[in-house]
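As structure tokens, the structure follows; a few thoughts come after it.
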Amino acid sequence: MTMTTPRKIFAAAVAAGLAVAATTASAEWKGWNIHVPDYPVSVAMDDFIAKASEVTGGAVSGKTFHGGVLGSQPDAITQMQIGGINYAVFNMGPMGPIVPETNVLSLPFIFKDMDHMHRVMDGAFGDKLGEAMAAKGLVPLAWYDSGARSFYNSQKPINTPSDLDGMKFRVMNNELFVGMVEALGGNATPMAFSEVYQSLKTGVVDGAENNWPSYESTNHYEVAGYYSLSQHLILPECLCVSKASWDQLSAEDQAKVRKVARDSADLQRKLWADRAKASQAKVLESGVKFNEIADKAPFQDAMSAVYTAAIAKTPELEQLIADIKAVD
Ligand code: GTR
């Protein structure tokens with residue numbers, strides 16, 4: 001009898017659905033990104049996946065989900081470790097809890113400037129850190145820019161560490177950043193990026209810290225109008241691939257994908273330089289009160305406690321700090 005029962009239709013649909021899902025899962029990479037689609041990271045990620053598909057003849061293809069719709073960075077890192085997310089651009093700040101060696105990048109004032117950071121990350125040091133990450137299931141292919149992070153808040157300009165007294169700052173998910181704010185005399189709360197706007201607006205926190213483009217793209221400048229140029233963190237970001245996905249590619253395809261990843265970093269860095277200027281101009285025009293900090297030495301001096309605590313927790317950091325300092 002060939003009667004089609006609802007049960008048979010259901011079974012056929014499930015079978016068809018599963019078949020589609022299985023094909024899609026093996027062919028299509030899912031990309032995680034926290035930023036809005038026109039952000040430099042986002043444009044470069046779209047470029048990366050399009051080119052990766054081109055050069056591998058479709059062995060790699062995929063789609064980037066922008067705007068944090070796939071969740072927060074700490075969750076996405078865990079997802080990548082098990083292959084649920086195939087590629088992403090992660091800020092290296094919240095990488096420390098997973099790969100402790102990467103905390104060296106989160107030490108305030110570790111880099112002299114952006115060029116120094118590039119020289120360090122694009123050289124042997126970046127490869128060494130990459131190995132520690134790969135051992136945790138995350139393969140970095142290229143380093144993207146994220147400028148320098150400075151403090152901003154809804155109350156007043158910051159000129160000395162004592163200006164942080166009694167204020168509460170949102171920090172990224174890493175205890176090291178709590179220690180950083182406390183060493184300056186403020187209070188800190190780790191919080192997901194997506195929650196910061198509302199928290200600033202309702203006064204759950206008085207301030208946060210970020211680069212010009214993120215301060216602008218999230219509209220934080222509308223609710224925290226004092227931006228003080230502390231530039232305490234120069235944190236690179238990594239274009240990473242899940243080791244589970246990476247290991248499925250032939251060595252030849254890996255080389256091709258690595259090349260287009262590096263090309264996308266060149267693009268991202270160019271876009272970044274332009275966006276940083278444009279974002280700064282936009283927020284200043286809107287009335288943000290901006291100040292440079294004449295003497296950063298008291299901020300830098302206060303960080304020795306942060307370095308000591310970080311090294312006590314992860315002794316490998318001592319050598320990694322020396323490695324960075326050895327790069328001119
Ligand atoms: C941005 C960075 C994001 C995210 C965010 C944050 O500058 O690009 O990946 O780390 O800061 O503060 O959470």
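The analysis underlying the following values was restricted to heavy atoms, covering all of them including side chains, and did not include hydrogens, waters or symmetry mates. Whatever order the structure lists ligands and atoms in, that order sets their numbers, starting from 1.
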Exactly which residues line ligand 1, taking a heavy atom under 4.0 Å from it as the test? I34, H35, N91, S146, R149, R170, M172, F193, N210, N211, S214, E237

How are the rings of F151 and F169 set relative to one another: parallel (under 30°), tilted (30 to 60°) or perpendicular (over 60°)? perpendicular

Within 45° cone of Y226 ring axis and under 6.0 Å: K289 NZ or CZ: yes

Cation-pi check, K63 to F65: give yes when NZ or CZ is under 6.0 Å from the six-membered ring centre and within 45° of the ring axis, no otherwise. yes

Do V55 and W246 sit in one hydrophobic cluster, given that two such residues count as connected whenever their side-chain heavy atoms are within less than 4.5 Å of each other, even indirectly? yes

With sequence neighbours excluded, what pairs up with D165 under the side-chain hydrogen bond (donor to acceptor under 3.5 Å, both in side chains) test? none

Please check this pair: side chain of R269 against backbone of D145, looking for a donor-acceptor N/O pair closer than 3.5 Å. no

